[in-house]
Amino acid sequence: MKRKILNRTQGFRTKDGAGVSLVRVLSRNTTKEYDPILMLDSFDSVDPDDYIKGFPMHPHRGIETITYLREGTMTHKDSMGNEDTITDNEVQWMTAGSGIMHEEMPKPSKRMLGVQLWLNLLSKDKMVRPHYQSLRGDDLKIVEEDFAKIKVISGEYKGTKGYAPKYLPLDFYEIEIKKNEEFTIDTKDDQQVILFTLIGDIEVEGDVVSEKTAVTTTDGDKLTIKAKDEDVIVLFLQSIPTNEPIAWEGPIVMNTNEDLRQASLDLRNGTFIKEKPEEDQ
């Protein structure tokens, strides 16, 4: 059975961090419909003044952050001792778990184009040890189909494997489709499927989705995406909803208000960071 569009969320321009101009698509108002994706921010600018101030050091707990740059450069530093820079077609995958402090500082480039996702963690995994992983080069394999190219960021596509998440499963692909052509992908009938139009407009079963829009889909085992009047870049996300309560304040996402209060107390008391870098143990 073919999937159709169920929910639609158009991104809007806002600022975050130290004044980064971005398109916020998913947020606390969309958690139920887009579970387990909590947040989706899209970057798309040719003016470094829009993003150069970046995201100075700040805390996270209870989630994973996934930053994919189609174009651009960004440097990550965190309280676990990691320091790393990604650039075009590379990924930062950070498990915040029990608590991490990190910063993300973009560098000037011809174009900053990409997304950051927040992937929820199940209650049993909220307090796991923080971890950082970059994906680059051969980590991101490309499968070429008729009129389409599928970049496998995580999960698996037709036997081609990407990064294997340790907690929630996530099939995360970038799909390029030639203008006026269509591409059909097999989907897992029991999982949530989300699309985000990074570049260009698409059509799904006669329903047009404009650029910088996220959609969820009905159940089914196939999904057909048609490009409109230009080549398109679509992000495909497939995972299992957590179906758990969400308590969210700023960069902390837990299951209860009590957990949030504890996180705030930890921040005030200087006990937020539960794990040290391996070399300090």
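Quantities reported herein were computed from a predicted structural model and do not represent experimental measurements. Sequential numbering from 1 along the given sequence is applied to the chain's residues.
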Please check if any side-chain donor atom of [X] sits under 3.5 Å from a side-chain acceptor atom of [Y], or the reverse.
X      : Y      : value
Thr216 : Glu33  : no
Lys126 : Asn120 : yes
Glu145 : Tyr157 : yes
Thr67  : Gln116 : yes
Ser210 : Asp201 : no
Arg13  : Ser21  : yes
Thr187 : Lys222 : no
Asp259 : Asn255 : no
Thr87  : Thr73  : yes
Tyr163 : Gln133 : no

Validate the cation-pi geometry between Arg24 and Phe12: distance from NZ or CZ to the six-membered ring centre under 6.0 Å, angle to the ring axis within 45°.
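Because its charged atom misses either the 6.0 Å distance or the 45° angle limit, Arg24 does not stack over Phe12.
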Nearest heavy-atom neighbours spanning Arg70 and Lys151
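So the minimum-distance heavy-atom pair works out to NH1-NZ, 4.1 Å.
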Identify the heavy atoms of Thr30 and Leu38 that sit nearest to each other, and give their distance.
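Residues Thr30 and Leu38, closest heavy atoms: OG1-O, 4.4 Å.
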Side-chain (Asp78) to main-chain (Met80) donor-acceptor, under 3.5 angstrom:
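Yes, the answer is positive, given that a donor and an acceptor are paired below the 3.5 Å cut-off.
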Report yes or no: does Asn82 contribute a side-chain atom to a donor-acceptor pair with the main-chain N or O of Lys77 at less than 3.5 Å?
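Judged by distance alone, no pair lies under 3.5 Å.
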Crowding at [atom1], [X] (>12 non-hydrogen neighbours, <6.0 Å):
X      : atom1 : result
Lys161 : NZ    : no
Lys212 : NZ    : yes
Glu249 : CD    : no

Salt bridge present between Lys2 and Asp221 (N-O < 4.0 angstrom):
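No salt bridge links Lys2 with Asp221.
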Looking at Glu71 and Lys110, is there a salt bridge between them, counting it only when a charged N and a carboxylate O are closer than 4.0 Å?
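Looking at Lys110 and Glu71, the cut-off is not met.
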Can you pull out every side chain to side chain donor-acceptor pair (under 3.5 Å) where at least one residue sits in residues 189-200? Sequence neighbours excluded, please.
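Pairs touching residues 189-200 that pass the test: none.
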From CA spacing to verdict: side chain to side chain contact (heavy atoms under 4.5 Å, CB included), Val215, Val204
CA-CA 10 Å; Val215 299; Val204 176; 5.8 Å; no
Same apolar cluster (I L V M F W Y, side chains within < 4.5 Å links), Leu140/Leu113
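They do share one cluster, since a chain of ILVMFWY contacts under 4.5 Å joins Leu140 to Leu113.
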In this structure, is the centre-to-centre distance between the rings of Tyr132 and Trp93 below 6.0 Å?
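Trp93 vs Tyr132: aromatic centres not under 6.0 Å.
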For the aromatic rings, using the six-membered ring if either is Trp, is the centroid distance between Phe147 and Phe183 under 6.0 Å?
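Phe147 vs Phe183: aromatic centres not under 6.0 Å.
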